[in-house]
Amino acid sequence: MSENWSTVDEYICDTLLERDEVLEEVLRLSEAEGLPRINVAPNQGKFLHLLARMRGAKNILEIGTLAGYSTIWLARALPVEGRVVTIEFENHHADVAERNIAAAGLASCVDVRRGTGTEVLSAMIEQAEGPFDFIFIDADKSSYPRYLELALQLSQPGTVIVGDNVVRRGELPNVENGDSVVLGVRTFIQMLGAHEKIDATAVQTVGSKGHDGFALGIVTE
Ligand code: DHB
Ligand code: MG
């Protein structure tokens with residue numbers, strides 16, 4: 001079954017995505033440097049890119065840079081003078097990401113901030129940074145609820161918030177599962193549902209990364 005999911009992903013990528021040597025090199029360096037292979041799939045990266053373009057996002061915030069693969073997809077959606085701020089906890093990941101972002105010719109519009117999501121976001125709120133038009137949450141899943149609270153303080157009406165990996169092989173609704181990752185994404189989804197100023201949905205995905213899904217919301221008036 002999962003092999004078929006990957007075959008379909010390959011077909012989609014071959015048919016709808018252009019060959020991209022920069023992004024291929026990003027994945028090669030990521031692997032050579034021993035980073036976990038948990039980057040978004042190419043068709044998911046393009047999905048994020050298209051969403052950001054549809055939103056007309058000029059200021060994008062990403063929580064969880066890893067090797068900068070999704071960062072580059074998002075930065076390529078920016079208009080002239082647009083910016084991405086991306087947050088990474090692991091110094092080695094941030095080093096690799098900075099190399100990849102520079103190789104993609106995007107160093108001038110992407111700012112890699114080092115530290116925990118909570119530290120960096122809190123400092124950004126204190127400095128009155130933002131608001132951002134588009135926020136992609138893709139870091140440690142147990143902290144998603146905290147990241148959502150902080151992200152909302154860097155938002156304005158119309159801000160799009162996307163959370164990656166919220167389905168976890170179908171464990172999302174399994175209340176018997178007390179794993180911190182599953183608890184984190186379940187609380188995140190519940191917060192999106194309960195919040196008065198967010199309209200949200202979530203969509204399951206299958207593909208080269210198995211069975212997972214993303215949440216998508218917009219901040220309302
Ligand atoms: C994991 C994290 C991710 O961001 C992802 O897209 C897939 C898996 C993980 O930690 O297992
Ligand atoms: Mg992810």
Side-chain angles (χ1 to χ4, degrees), residues 12-13 16-18 20-27 29-30 35-90 93-114 117 120-121 124 129-140 144 147-148 150-152 154-156 158-166 200 203 205 207 209 212-219:
I12 289 169
C13 292
L16 297 172
L17 277 65
E18 285 179 17
D20 192 319
E21 280 170 17
V22 170
L23 288 173
E24 285 169 16
E25 185 53 33
V26 167
L27 296 181
L29 184 65
S30 173
L35 273 61
R37 296 172 62 174
I38 54 173
N39 48 274
V40 298
N43 48 337
Q44 293 173 337
K46 187 158 185 190
F47 177 79
L48 292 168
H49 167 89
L50 291 171
L51 278 181
R53 271 173 63 190
M54 289 169 183
R55 171 63 186 82
K58 297 186 181 69
N59 292 293
I60 297 176
L61 174 63
E62 178 181 59
I63 307 165
T65 314
L66 196 62
Y69 184 80
S70 50
T71 320
I72 291 168
W73 272 113
L74 289 169
R76 287 176 171 176
L78 293 171
V80 182
E81 314 240 312
R83 291 189 63 73
V84 176
V85 174
T86 182
I87 302 171
E88 178 55 49
F89 171 63
E90 296 283 349
H93 297 180
D95 290 342
V96 172
E98 282 183 338
R99 282 169 65 187
N100 281 330
I101 290 159
L106 293 163
S108 63
C109 62
V110 178
D111 185 0
V112 181
R113 307 264 177 102
R114 296 166 190 244
V120 176
L121 292 167
M124 290 173 71
E129 287 191 52
F132 291 89
D133 311 306
F134 190 100
I135 301 178
F136 179 48
I137 303 176
D138 190 22
D140 53 310
Y144 271 29
Y147 295 156
L148 179 59
L150 296 167
L152 280 165
L154 294 162
S155 299
Q156 64 187 342
T159 297
V160 169
I161 298 178
V162 179
D164 197 23
N165 313 114
V166 299
V203 175
T205 55
K209 293 190 67 182
D212 213 326
F214 59 89
L216 173 67
I218 187 163
V219 177

Indicate yes or no: at least one non-hydrogen side-chain atom of [X] is less than 4.5 angstrom from one of [Y].
X: F134; Y: L51; result: yes
X: R76; Y: D20; result: yes
X: V162; Y: I137; result: no
X: Y69; Y: N100; result: no
X: S155; Y: I135; result: yes
X: P131; Y: L154; result: no
X: L61; Y: E129; result: no
X: K58; Y: F132; result: no

Closest approach of [X] to [Y] (non-hydrogen atoms, all atoms of both residues):
X: L74; Y: I60; value: O-CD1, 3.7 Å
X: A75; Y: V84; value: CA-CG2, 3.8 Å
X: E62; Y: S70; value: OE2-OG, 2.6 Å
X: G64; Y: T86; value: C-OG1, 4.5 Å
X: V26; Y: A67; value: CG1-O, 4.1 Å
X: H93; Y: P36; value: NE2-CD, 3.9 Å

Step by step, work out the side-chain contact (heavy atoms from CB on, under 4.5 Å) result for I161 and L152.
CA-CA 9 Å; I161 298 178; L152 280 165; 4.1 Å; yes
Report the C-alpha separation of F47 and V40 in whole Å, then their side-chain angles, then the decisive distance to 0.1 Å, and conclude whether the side-chain contact (heavy atoms from CB on, under 4.5 Å) test is met.
CA-CA 10 Å; F47 177 79; V40 298; over 6 Å; no
Does atom CZ of R53 have more than 12 heavy-atom neighbours, drawn from other residues, nucleotides or ligands, at distances under 6.0 Å?
no
Across all chains, not counting sequence neighbours, the salt bridge (charged side-chain N to carboxylate O under 4.0 Å, His left out) partners of D138 are K141
Between atom [atom1] of [X] and atom [atom2] of [Y], what is the distance when rounded to the nearest 0.5 Å?
X: N59; Y: T159; atom1: CG; atom2: OG1; value: 9.5 Å
X: C13; Y: E18; atom1: SG; atom2: CD; value: 13.0 Å
X: E98; Y: L106; atom1: CD; atom2: CG; value: 13.0 Å
X: I87; Y: F89; atom1: CD1; atom2: CZ; value: 13.0 Å
X: L29; Y: E24; atom1: CG; atom2: CD; value: 14.0 Å
X: N165; Y: K209; atom1: CG; atom2: NZ; value: 5.0 Å

Would you call the rings of W73 and H49 parallel, tilted or perpendicular, taking 30° and 60° as the class edges?
perpendicular
Whether [X] side chain and [Y] backbone form a donor-acceptor pair below 3.5 Å:
X: Y144; Y: D164; value: yes
X: K46; Y: L16; value: yes
X: E88; Y: L66; value: yes

Determine, stepwise, if the pair V120 / M124 fulfils side-chain contact (heavy atoms from CB on, under 4.5 Å).
CA-CA 6 Å; V120 176; M124 290 173 71; 4.0 Å; yes
Should D133 and V160 be marked as a side-chain contact (heavy atoms from CB on, under 4.5 Å) after you check the CA-CA gap, both sets of side-chain angles, and the distance that decides it?
CA-CA 6 Å; D133 311 306; V160 169; over 6 Å; no
